[in-house]
Number of protein chains: 2
Amino acid sequence: METPGTSEPGGATVEPLSRGPLEKLLVYHLRRVQSAAFQHFAAYLNHRDITPGQLGLLVLIACNPGVSQSVLAREIKVERSTLGEFIDRFESRQLVERRQVATDRRIHAIHLSSKGRRFLDQVLPEVEAHEREFTGTLSAQDQRTLIRLLKRLAG
Amino acid sequence: METPGTSEPGGATVEPLSRGPLEKLLVYHLRRVQSAAFQHFAAYLNHRDITPGQLGLLVLIACNPGVSQSVLAREIKVERSTLGEFIDRFESRQLVERRQVATDRRIHAIHLSSKGRRFLDQVLPEVEAHEREFTGTLSAQDQRTLIRLLKRLAG
DNA sequence: TATTGTTATACTCTATAACTATA
DNA sequence: TATAGTTATAGAGTATAACAATA
């Protein structure tokens with residue numbers, strides 16, 4: 001590649017590594033930050049046994065009581081079978097409930113349980129604390145800019 | 001949550017869904033964009049059977065010939081056992097080689113094979129095309145800003 | 001003792017395909 | 001026919017723990 005890493009006589013390569021064309025790739029930086037954010041989140045919410053993806057889904061369920069699995073799957077862009085697995089795991093932890101709907105018996109209406117409610121009430125402040133710490137190096141202005149640009153890319 | 005989604009009499013919830021406190025969480029937007037980027041990448045490089053993470057690792061190997069598995073693992077922040085699996089898969093596709101190092105017989109020096117070289121030469125332009133399309137809605141200025149902010153967060 | 005790498009095990013995330021029940 | 005959900009299967013990504021070889 002254009003700028004090879006330092007090589008020693010024996011053929012070993014020393015740190016820091018050269019990143020060549022990766023430096024200019026947005027996807028690369030996106031992946032790194034996402035990975036760093038994930039690990040910071042995991043360390044901070046160690047005792048809660050939840051990932052950023054699971055938390056996002058749980059909040060969607062909390063904000064949209066009775067939503068169906070298909071609607072949730074479309075919202076987070078995964079297959080229905082994948083979404084079903086997430087709900088299975090939440091249900092086995094008794095965080096959410098599947099309820100029958102009288103008007104359409106194909107549908108499972110998903111609701112947060114009271115245990116799920118308490119869980120979220122405890123976890124959300126911790127997530128916000130993690131967020132403040134993780135984004136601490138950016139000014140409030142920069143944080144807003146970053147979210148604005150990310151929204152445009154996701155939209 | 002503060003702004004529940006629209007509910008119909010039967011208890012069903014209609015799209016679009018309310019996102020409540022997620023809207024302000026950087027981690028949430030990061031995950032969404034990362035997921036969108038991943039899916040765009042996968043669709044664009046459909047025939048290549050490679051993910052953004054694998055591509056990143058392959059470029060690191062290309063740029064740092066002879067690098068050890070431990071150094072690579074530290075660089076991308078995964079466990080040695082995880083990194084070993086990535087190398088296993090690359091090796092079974094004959095994209096990289098593990099070579100012995102005379103000066104330290106514990107180490108496997110990782111090198112791109114000539115097949116790996118050709119693979120990267122074909123794939124990198126496609127990745128850049130994907131990137132241009134994916135980031136097309138952002139101005140050149142916005143793209144630079146975004147990368148700058150992401151770099152600060154990852155560092 | 002510390003480091004490099006491998007193996008075994010396990011869990012999450014994810015998709016595809018085939019299926020049942022219902023609309 | 002089309003939609004909602006489940007099940008079976010499979011593979012990627014990831015970690016932990018225990019291990020062998022080497023430094």
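Note that these values count all heavy atoms, side chains included, but never hydrogens, waters or copies made by symmetry. Naming convention: chains lettered A, B, ... in sequence-line order (proteins, then strands); numbering from 1 in each chain. Note that the coordinates shown come from a computational prediction; the quantities given were computed from them, not determined experimentally.
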K.L.:
Given atom CZ of A:Phe86 and atom C1' of C:dT14, what is their separation to the nearest angstrom?
P.N.:
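Distance, rounded to whole Å: 7 Å.
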
K.L.:
Could you tell me the separation between the CG atom of A:Leu83 and the P atom of C:dT16, rounded to a whole number of Å?
P.N.:
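That distance rounds to 15 Å.
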
K.L.:
For DNA chain D, which residues of residues 36-58 of chain B approach it to below 4.0 angstrom with any heavy atom?
P.N.:
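Nucleic-acid contacts, sorted: B:Thr51, B:Gln54.
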
K.L.:
Using a strict 4.0 Å threshold on nitrogen-to-oxygen distance, state whether B:Glu85 and B:Arg80 make a salt bridge.
P.N.:
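A salt bridge is absent here (no side-chain N lies under 4.0 Å from a carboxylate O).
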
K.L.:
Given D:dG13, is OP1 or OP2 found less than 4.0 Å from the side-chain N or O atoms of B:Arg89?
P.N.:
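For D:dG13, OP1 or OP2 has a side-chain N or O of B:Arg89 closer than 4.0 Å.
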
K.L.:
Between B:Asp49 and B:Arg89, does at least one N-O distance fall below 4.0 Å, as a salt bridge requires?
P.N.:
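B:Arg89 and B:Asp49: not salt-bridged.
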
K.L.:
Let me know, please, whether A:Thr82 or A:Arg105 comes out on the 5' side of the other along DNA chain C by nearest nucleotide.
P.N.:
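So the residue in question is A:Thr82.
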
K.L.:
Distance check needed: C:dC11 C1' versus B:Glu85 CD, whole Å only.
P.N.:
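Going from B:Glu85 (CD) to C:dC11 (C1'), I get 13 Å.
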
K.L.:
Let's test your reading of the model: under 3.5 Å, does the base of D:dT14 pair with the side chain of B:Ser81 as donor and acceptor?
P.N.:
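No, the side chain and the base share no sub-3.5 Å donor-acceptor pair.
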
K.L.:
Using the 3.5 Å cut-off, write out each protein N or O paired with an N or O of nucleotides 1-4 of chain D and the distance between them.
P.N.:
from: D:dT3; atom 1: O2; to: A:Arg106; atom 2: NH1; distance (Å): 2.9

K.L.:
Taking the side chain as every heavy atom from C-beta outward, state whether B:Ile110 and B:Asn64 have any atom pair closer than 4.5 Å.
P.N.:
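No, every pair of side-chain atoms sits at 4.5 Å or beyond.
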
K.L.:
Start with the C-alpha gap between A:Lys24 and B:Glu131, add the side-chain angles, then the distance that decides, and say whether salt bridge (Lys or Arg N to Asp or Glu O under 4.0 Å) holds.
P.N.:
CA-CA 10 Å; A:Lys24 289 194 161 53; B:Glu131 175 101 1; over 6 Å; no

K.L.:
CZ/B:Phe38 to CG/A:Leu30 distance, rounded to the nearest 0.5 angstrom?
P.N.:
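Interatomic distance, B:Phe38 CZ to A:Leu30 CG, rounded to 0.5 Å: 12.5 Å.
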
K.L.:
Can you measure A:Ile87 atom CD1 to D:dT7 atom P for me and round it to whole angstrom units?
P.N.:
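Atom CD1 in A:Ile87 sits about 14 Å away from atom P in D:dT7.
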
K.L.:
Between D:dA21 atom C1' and B:Arg98 atom CZ, what is the distance in whole Å?
P.N.:
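One finds 15 Å between C1' of D:dA21 and CZ of B:Arg98, rounded.
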
K.L.:
Do A:Glu133 and A:His40 have a side chain donor and acceptor closer than 3.5 Å?
P.N.:
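Looking only at side-chain atoms, A:His40 and A:Glu133 do form a donor-acceptor pair, the distance falling under 3.5 Å.
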
K.L.:
Quick check: do A:Ile107 and A:Gln100 have side-chain heavy atoms less than 4.5 Å from each other?
P.N.:
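Sidechains of A:Gln100 and A:Ile107: no contact.
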
K.L.:
To the nearest Å, give me how far apart CD (A:Glu79) and P (D:dT7) are.
P.N.:
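Distance, rounded to whole Å: 17 Å.
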
K.L.:
How many whole angstroms separate atom CD of B:Gln100 from atom P of D:dA23?
P.N.:
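Computing the B:Gln100:CD to D:dA23:P distance gives 10 Å.
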
K.L.:
So does A:Arg32 pair up with B:Glu75, basic N to acidic O under 4.0 Å?
P.N.:
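A salt bridge is present here (some side-chain N lies under 4.0 Å from a carboxylate O).
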
K.L.:
I need the CD1-C1' distance between B:Ile76 and D:dG13, as an integer number of Å.
P.N.:
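That distance rounds to 10 Å.
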
K.L.:
Charged N to carboxylate O below 4.0 Å: is that the case for A:Asp88 and A:Arg98?
P.N.:
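Yes, charged N to carboxylate O under 4.0 Å.
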
